[in-house]
Peer 1: 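Once you've had a glance at the structure underneath, I'll fire off some questions.
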Amino acid sequence: MFVSHYAQAEDLKLTVYTEHFSPYNFENKAGQLVGINLDIVKDVCIASGITCEFKILPWKRAYSLVQKEKHSGIISIAKTSQRTPIFNWVGPLASSETFFYKLKKNTQLKMNSLNEAKQFSLAIVRGDIYESIVKKVGFEAGKNLLSIGDEKQYMHLFLNSKIDLILGSEYTIGYQLSPFGYSEDDVVRLQELPLPEIAGNYIAFNKSVPNYIVERFNREYEKLQKKDNFSAYKKRYKR
């Protein structure tokens, strides 16, 4: 059993919000909250001697609550210039490059450059950080960009050829497809979506969380990261 080297657990309890985003953070078939980044943060909480309660919610609600509730944080959140002053940050956690994907059976769709992506239709989760990025590429709401409440809805549209493209990565794509009986063999990876304004996935704390707790998280995070850059956590969820 792991025992924190800090004298005792704090009375302060942190609520850590996140969204369903496999394999970084999700609820498994047993009803447990797991994932690469969620497991990392669980271990950082234990090592820091802080009691953390994790809650998975739709992204927009989670992002709203972390800004309102004093003793709260959120994972896995992209660090952008707009968000940086709103929170106190720890990280980065695990992340990977993002690509456009098409169905393999959609042989008519050909994309030889990022500029060609806007010729096709795309669906993403409403309020996701990618929404503003794909608009810069040329996607337009109401035209070729559909913002939907959750991942399951847009995956249904994609797999039924109602939309042309989805976004994914080497870690996420298998998890996106498997609940519907599909695998990576059923899709084709296309152009990468550059994310110059995003600095990976992080833990972000409400500004009211005491600085000494944020500093403690940073110390324990750095110790964990230096071991193997989280490769052991990634292996748990590799498909």
Side-chain angles (χ1 to χ4, degrees), residues 1-5 9 14-59 62 66 72-79 89-99 101 125 128-130 150-152 155 166-187 189 192-193 195 198-205 216-239:
M1 179 179 177
F2 179 88
V3 179
S4 171
H5 62 269
L14 287 175
T15 301
V16 181
Y17 294 106
T18 190
E19 64 174 332
H20 178 90
F21 184 38
S22 307
Y24 297 111
N25 13 263
F26 63 101
E27 183 176 336
N28 66 16
K29 292 180 180 178
Q32 300 166 319
L33 302 187
V34 296
I36 299 171
N37 286 339
L38 204 144
D39 288 359
I40 292 169
V41 178
K42 280 181 182 177
D43 286 349
V44 172
C45 288
I46 292 168
S48 300
I50 303 296
T51 301
C52 297
E53 179 184 12
F54 295 85
K55 294 184 178 181
I56 288 184
L57 298 170
W59 179 255
V66 74
S72 68
I74 188 168
I75 62 168
S76 308
I77 182 170
K79 187 176 182 181
W89 300 83
V90 174
L93 304 171
S95 63
S96 58
E97 293 82 6
T98 299
F99 293 85
Y101 285 82
V125 174
D128 194 286
I129 189 64
Y130 295 114
D150 62 59
E151 182 181 78
K152 288 183 180 179
M155 287 301 297
I166 57 168
L167 294 172
S169 74
E170 64 171 313
Y171 291 130
T172 67
I173 193 65
Y175 284 90
Q176 289 169 267
L177 293 164
S178 62
F180 305 94
Y182 289 77
S183 73
E184 293 181 54
D185 292 335
D186 297 305
V187 296
R189 191 174 78 177
E192 182 181 356
L193 177 66
L195 305 172
I198 294 179
N201 291 323
Y202 281 74
I203 313 168
F205 290 105
R216 190 182 295 181
F217 264 74
N218 260 310
R219 284 196 297 272
E220 298 304 328
Y221 156 82
E222 287 174 1
K223 290 178 188 176
L224 203 59
Q225 192 271 340
K226 284 177 181 176
K227 287 183 180 179
D228 60 0
N229 197 28
F230 307 130
S231 58
Y233 294 92
K234 294 172 185 176
K235 287 178 182 177
R236 292 179 194 173
Y237 298 96
K238 184 67 176 174
R239 290 191 169 183

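Side chains included, hydrogens not; waters and symmetry mates left out as well; all remaining heavy atoms used.
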Peer 1: State the CD-CZ distance between E151 and F21, to the nearest 0.5 angstrom.
Peer 2: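 Going from CD on E151 over to CZ on F21, the span is 8.0 Å.
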Peer 1: Considering only heavy atoms from C-beta outward, does the side chain of Y24 approach that of I75 to under 4.5 Å?
Peer 2: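 With C-beta onward as the side chain, the pair stays apart.
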Peer 1: Between S95 and N201, what is the shortest heavy-atom contact and its length?
Peer 2: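 Closest pair (atom of S95, atom of N201, distance): CB-ND2, 3.4 Å.
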Peer 1: Looking at V90, is its backbone amide N or carbonyl O close enough to the side chain of N218 to form a donor-acceptor pair, meaning the two atoms are under 3.5 Å apart?
Peer 2: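 No, N218 side chain to V90 backbone: no donor-acceptor pair under 3.5 Å.
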Peer 1: Measure the shortest side-chain to side-chain distance between D43 and Y233 over non-hydrogen atoms and say whether it is less than 4.5 angstrom.
Peer 2: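 Yes, close enough: below the 4.5 Å cut-off.
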Peer 1: Kindly write out the residues that satisfy side chain to side chain contact (heavy atoms under 4.5 Å, CB included) with E184, not counting sequence neighbours, or none if the list is empty.
Peer 2: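 Applying side chain to side chain contact (heavy atoms under 4.5 Å, CB included) to E184 gives I173.
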Peer 1: So which pairs with a foot in residues 25-42 pass side chain to side chain donor-acceptor pair (under 3.5 Å), sequence neighbours left out?
Peer 2: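 Qualifying pairs: T18-N25, N25-S76, N28-Q32, N37-S76, D39-R236, D39-Y237.
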Peer 1: Using side-chain heavy atoms (C-beta onward) and a distance below 4.5 Å, is I129 in contact with W59?
Peer 2: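 Of all side-chain heavy-atom pairs linking W59 with I129, none is under 4.5 Å.
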Peer 1: Could you tell me which residues satisfy side chain to side chain donor-acceptor pair (under 3.5 Å) with Y182, sequence neighbours excluded, listed by chain and number?
Peer 2: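 With neighbours one apart ignored, the set is empty.
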Peer 1: We want to know whether Y101 and T172 form a side-chain donor-acceptor pair, criterion being a heavy-atom distance below 3.5 angstrom.
Peer 2: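 There is no such pair (donor and acceptor under 3.5 Å, judged by atom type) between the side chains of Y101 and T172.
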Peer 1: Is there any salt bridge (charged side-chain N to carboxylate O under 4.0 Å, His left out) pair reaching into residues 47-58, and which pairs are they, with sequence neighbours excluded?
Peer 2: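 Checked against salt bridge (charged side-chain N to carboxylate O under 4.0 Å, His left out) - neighbours excluded - the pairs reaching residues 47-58 are K13-E53.
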Peer 1: In Å, rounded to the nearest 0.5 Å, how long is the span from OG of S22 to CG of L38?
Peer 2: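 The distance works out to 11.0 Å.
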Peer 1: How close do P23 and Y175 get, heavy atom to heavy atom, and via which atoms?
Peer 2: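 The pair with the smallest heavy-atom distance is CB-CE1, 3.3 Å.
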Peer 1: So, for I166 and Q176, which heavy atoms are closest and what is the spacing to 0.1 Å?
Peer 2: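 Taking I166 first and Q176 second, the nearest heavy atoms are CD1-NE2, 4.1 Å.
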Peer 1: Grab the two heavy atoms, one from F54 and one from C45, that are nearest each other, plus how far apart they are.
Peer 2: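 Residues F54 and C45, closest heavy atoms: CZ-SG, 4.1 Å.
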Peer 1: Within a reach of under 6.0 Å around NZ of K238, are more than 12 heavy atoms found that belong to other residues, nucleotides or ligands?
Peer 2: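 Yes, because the 6.0 Å sphere around NZ of K238 holds more than 12 heavy atoms from other groups.
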Peer 1: Scan I46, V44, I50 and name whichever one has a side chain to side chain contact (heavy atoms under 4.5 Å, CB included) with E220.
Peer 2: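 Going through the options one by one, the only one that passes is V44.
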Peer 1: Shortest non-hydrogen contact from S72 to L14?
Peer 2: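 S72 and L14 have their closest heavy atoms at N-CD2, 4.1 Å.
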Peer 1: Which pair of non-hydrogen atoms, one from F26 and one from G35, has the smallest distance, and what is that distance?
Peer 2: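 For F26 versus G35, the nearest heavy atoms are CE2-CA, 3.9 Å.
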Peer 1: Are the side chains of M155 and L177 in touch, meaning some heavy atoms are under 4.5 Å apart?
Peer 2: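 Contact flag for M155/L177 side chains = yes.
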Peer 1: Starting at CD1 of I40, measure out to CG of L224 and round the result to the nearest 0.5 Å.
Peer 2: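 If I round to the nearest 0.5 Å, the distance is 6.5 Å.
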Peer 1: About how many Å separate CD1 of I203 and CZ of F217, when rounded to the nearest 0.5 Å?
Peer 2: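 Output value for this atom pair is 6.0 Å.
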Peer 1: Using 0.5 Å steps for rounding, measure from the CZ atom of F99 to the CG atom of L167.
Peer 2: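 Those atoms lie 11.0 Å apart.
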Peer 1: Could you tell me which residues satisfy salt bridge (charged side-chain N to carboxylate O under 4.0 Å, His left out) with E97, sequence neighbours excluded, listed by chain and number?
Peer 2: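 Applying salt bridge (charged side-chain N to carboxylate O under 4.0 Å, His left out) to E97 gives none.
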Peer 1: Name all residues meeting the side chain to side chain donor-acceptor pair (under 3.5 Å) criterion together with Y171; count only those two or more places apart in sequence or in a different chain, and write none if there are none.
Peer 2: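 For Y171, no residue satisfies side chain to side chain donor-acceptor pair (under 3.5 Å) once neighbours in sequence are set aside.
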Peer 1: Is there a side-chain contact between V125 and Y130, using heavy atoms and a 4.5 Å cut-off?
Peer 2: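 SC-SC contact between V125 and Y130 ruled out.
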Peer 1: Nearest 0.5 Å, please: how far is OG in S169 from CD in E192?
Peer 2: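 It is 10.5 Å, given to the nearest 0.5 Å.
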